[in-house]
There are 2 protein chains.
Amino acid sequence: MAGKFMTIREMCDLFDVTPRTLRFYEQKELLAPERTGNRRLFTKRDRARLKLILRGKRFGFSLEDIRQILDLYDPDQNNLPQIKRACKLGTQRLADLEERRKELDEAIQDLRGQLVIGAEMISYAQATAAE
Amino acid sequence: MAGKFMTIREMCDLFDVTPRTLRFYEQKELLAPERTGNRRLFTKRDRARLKLILRGKRFGFSLEDIRQILDLYDPDQNNLPQIKRACKLGTQRLADLEERRKELDEAIQDLRGQLVIGAEMISYAQATAAE
DNA sequence: CGTTATGCTTACGTGAACGTAAGACGGTAC
DNA sequence: GTACCGTCTTACGTTCACGTAAGCATAACG
Ligand SMILES: [Zn+2]
Ligand SMILES: [Zn+2]
Ligand SMILES: [Zn+2]
Ligand SMILES: [Zn+2]
């Protein structure tokens with residue numbers, strides 16, 4: 001079970017990823033699990049970050065893109081310039097996401113329309129065949 | 001200018017892609033431009049498809065994913081089984097997109113919250129520095 | 001206490017989506 | 001007519017995001 005810490009396997013089961021993936025993300029500085037000896041211990045922070053990573057991936061962002069916005073989600077509290085940069089980047093990213101939402105709505109509308117056309121084609125074909 | 005047909009360069013300028021990309025998409029059967037001699041001539045159909053391709057990419061779909069739903073957008077009118085398959089796949093894809101929309105809304109909400117926190121951290125730091 | 005599972009590092013391999021370089025061909029400009 | 005531009009094909013190179021295999025350490029089980 002997992003209270004404070006989780007092993008790599010428990011993380012993999014929970015998020016449906018492979019150990020290789022988690023090690024790779026650590027190498028890319030997207031995750032930073034604790035260690036006991038040399039075994040990784042994943043914390044609540046890692047779980048929150050991984051959730052954000054996987055979400056970002058589903059929207060087509062690169063790991064490098066994601067790494068940059070992750071810094072926004074837990075900035076160094078006594079590094080004011082970094083916080084300001086993170087906020088600026090986050091604001092930019094927010095605009096991106098809202099733009100994406102418009103596109104997504106449009107894509108959904110288009111697809112719905114296309115499905116209607118498809119349904120019409122099917123019923124027309126069946127009516128024709130029934131003559 | 002571009003009436004009915006467009007050269008590869010005109011397509012590239014219009015969609016901000018490289019010739020290599022358009023040739024690659026043709027090779028993968030995502031586009032099928034006409035030819036005059038061996039020069040490609042892109043039609044309205046190609047432009048519509050390319051728009052869908054680039055949209056799909058922005059949402060993290062693979063070219064193979066995209067190729068499958070493209071078939072939905074201009075199915076062979078007298079191939080009923082294909083139309084039915086396309087509709088089924090399109091319905092599935094629509095569910096995907098609606099799921100994505102939920103996730104996207106959540107991401108936007110999260111990011112907004114984080115920006116508020118960031119702004120608070122900044123104003124707090126400035127108030128502390130002003131003492 | 002030995003076997004087995006889990007985890008580690010290191011390193012080479014892989015598939016997707018193009019980039020890039022080389023060489024050839026055809027229209028256009030001067 | 002030739003210099004040049006745009007386009008073509010062919011083919012090897014590259015980046016990203018992991019997969020996979022080898023060899024070794026340690027924890028867990030019976
Ligand atoms: Zn457990
Ligand atoms: Zn990087
Ligand atoms: Zn033109
Ligand atoms: Zn394919």
Exercise. Figure out the CD1/P separation between B/I8 and C/dC18, and round it to whole Å.
Key: 14 Å
Quiz prompt | Salt bridge A/D110-B/R55, side-chain N to carboxylate O under 4.0 Å | solution = yes
Quiz item: Hey, mind stepping through B/R47 and B/M11 against side-chain contact (heavy atoms from CB on, under 4.5 Å) and telling me if it holds?
Solution: CA-CA 8 Å; B/R47 294 193 284 277; B/M11 282 290 277; 3.7 Å; yes
Quiz prompt | Side-chain donor/acceptor of B/R9 to base of D/dG6, under 3.5 Å | solution = no
Self-check item: Donor-acceptor contact present, side-chain A/T91 to main-chain A/C87, <3.5 Å
Solution: yes
Quiz prompt | Under 4.0 angstrom between B/T7 side-chain N/O and D/dT7 OP1 or OP2 | solution = yes
Practice problem: Considering only NZ, NE, NH1 and NH2 on the basic side and carboxylate oxygens on the acidic side, decide whether B/E103 and A/K57 come within less than 4.0 Å. | Solution: no
Exercise. In whole angstrom, give the distance that lies between atom CZ of B/R35 and atom P of D/dC8.
Key: 7 Å
Quiz item: Where the side chain of B/F24 is concerned, which of C/dC18, D/dA17, D/dT20 is the nearest nucleotide?
Solution: C/dC18
Self-check item: Difference in axis direction between the ends of the helix from C/dC1-D/dG30 to C/dC30-D/dG1, five pairs, 10°
Solution: 10°
Quiz item: Contact class for A/R23 (heavy atom, under 4.0 Å): base, sugar-phosphate, or nothing?
Solution: base
Self-check item: Charged N-O contact under 4.0 Å between A/R85 and A/D71
Solution: no
Practice problem: Using a strict cut-off of less than 4.0 Å between a Lys/Arg side-chain nitrogen and an Asp/Glu carboxylate oxygen, indicate whether B/K28 and B/E64 qualify as a salt bridge. | Solution: no
Quiz item: Nearest heavy-atom pair of A/R67 and A/E29: which atoms, and what distance?
Solution: CG-O, 3.9 Å
Quiz prompt | Of the listed nucleotides C/dC18, D/dT20, C/dG7, the one nearest the side chain of A/R20 | solution = D/dT20
Pull out every protein N or O sitting under 3.5 Å from an N or O of nucleotides 27-30 of chain D, one pair per line with the distance.
none

Quiz item: Expressed in angstrom and rounded to an integer, what is the separation of B/I66 atom CD1 from C/dA17 atom P?
Solution: 8 Å
Quiz prompt | Nearest-Å distance for atom pair CG/P, residues A/D13 and C/dT6 | solution = 10 Å
Quiz prompt | Nucleotide nearest A/T21 (side chain, heavy atoms from C-beta), chosen from D/dT7, D/dT9, D/dG19 | solution = D/dG19
Quiz item: Does the side chain of A/Y25 get closer than 4.0 angstrom to OP1 or OP2 of D/dA17 through an N or O atom?
Solution: no
Quiz item: Could A/R45 and A/Y73 be counted as a cation-pi pair, given that NZ or CZ must be under 6.0 Å from the ring centre and within 45° of the axis?
Solution: no
Quiz item: So does A/R9 pair up with A/D13, basic N to acidic O under 4.0 Å?
Solution: yes
Self-check item: Given C/dA17, D/dA17, D/dG19, the nucleotide with the shortest approach to the side chain of A/L63
Solution: D/dA17
Quiz item: Rounded to the nearest Å, what distance is computed from the NZ atom of residue A/K57 to the P atom of nucleotide D/dC16?
Solution: 14 Å
Quiz item: Can you check the B/M6 CE to D/dG6 P distance for me, whole Å?
Solution: 16 Å
